[in-house]
Amino acid sequence: MSKTIHTSSMRPVGNLNEEHILGNVASLNGILADEYALFTKTLNYHWNVTGPRFHSIHKFLEGHYRSLLEVMDGVAERVRILGETPLSTMKSMNEVNQLNEKNGGQMSASEMIDDLYHGHLKLQTEIRNVLEADAPMSTDPGTEDFLISLLQKHEEMSWMLKSHLD
Ligand SMILES: [Fe+2]
């Protein structure tokens, strides 16, 4: 029988399993660190892109970094909704970030788009892996629904990035 969290907790009311919630918080914090890295990369490439497609890609990446900022905010607030503390410093993010940083000043526009595309694919894999861990999600449908929506956002952003590649 799973342990039920009571209303005195900061967590949402319901038949939530403590162990599953803490597992989901760890997953959300891992995703948050990678969203932060992808946001920073996108901002980096927005600043440093050059070439004949400068204006369109510069503007396009501005739309993406603004979307990723909203995404990060949502992931961090989902952790707060679950009654825990999101990773909130650059140091703690860097300790779990799985995306390698690159020097945008030395990359072509196509290399930038390709790198971002693969970053979004990595996030999709990470989110799918969390969703496929059935037990934690079965007791936390709010987080499951949130992650499905997040997956859809990354799928759309991946499609937009891929459409820029030859
Ligand atoms: Fe700007």
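Start at 1 and go down the list; that is how both ligands and their atoms are numbered.
Salt bridge annotation for Glu126-Lys122: absent, with no cationic side-chain nitrogen under 4.0 angstrom from a carboxylate oxygen.
In this structure Ser27 satisfies the side chain to side chain contact (heavy atoms under 4.5 Å, CB included) test together with Val130, sequence neighbours excluded.
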Pairs under 3.5 angstrom only: tabulate donor-acceptor contacts from the side chains of residues 107-114 to other protein residues two or more places apart or in another chain.
from, atom 1, to, atom 2, distance (Å)
Ser108, OG, Glu111, N, 3.1
Ser110, OG, Arg53, NH2, 3.0
Glu111, OE1, Ser108, N, 2.8

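Here the shortest heavy-atom pairing between Asn97 and Ala37 reads OD1-CB, 3.3 Å.
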Does the side-chain contact (heavy atoms from CB on, under 4.5 Å) test come out yes or no for Leu32 and Val79, once each step is laid out?
CA-CA 10 Å; Leu32 178 60; Val79 174; 5.6 Å; no
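Within the sub-2.8 Å shell of the Fe ion (ligand 1), the protein contributes these N/O/S atoms: His46 NE2.
Annotation: side-chain hydrogen bond (donor to acceptor under 3.5 Å, both in side chains) contacts involving residues 64-74, sequence neighbours excluded, comprise Glu62-Arg66.
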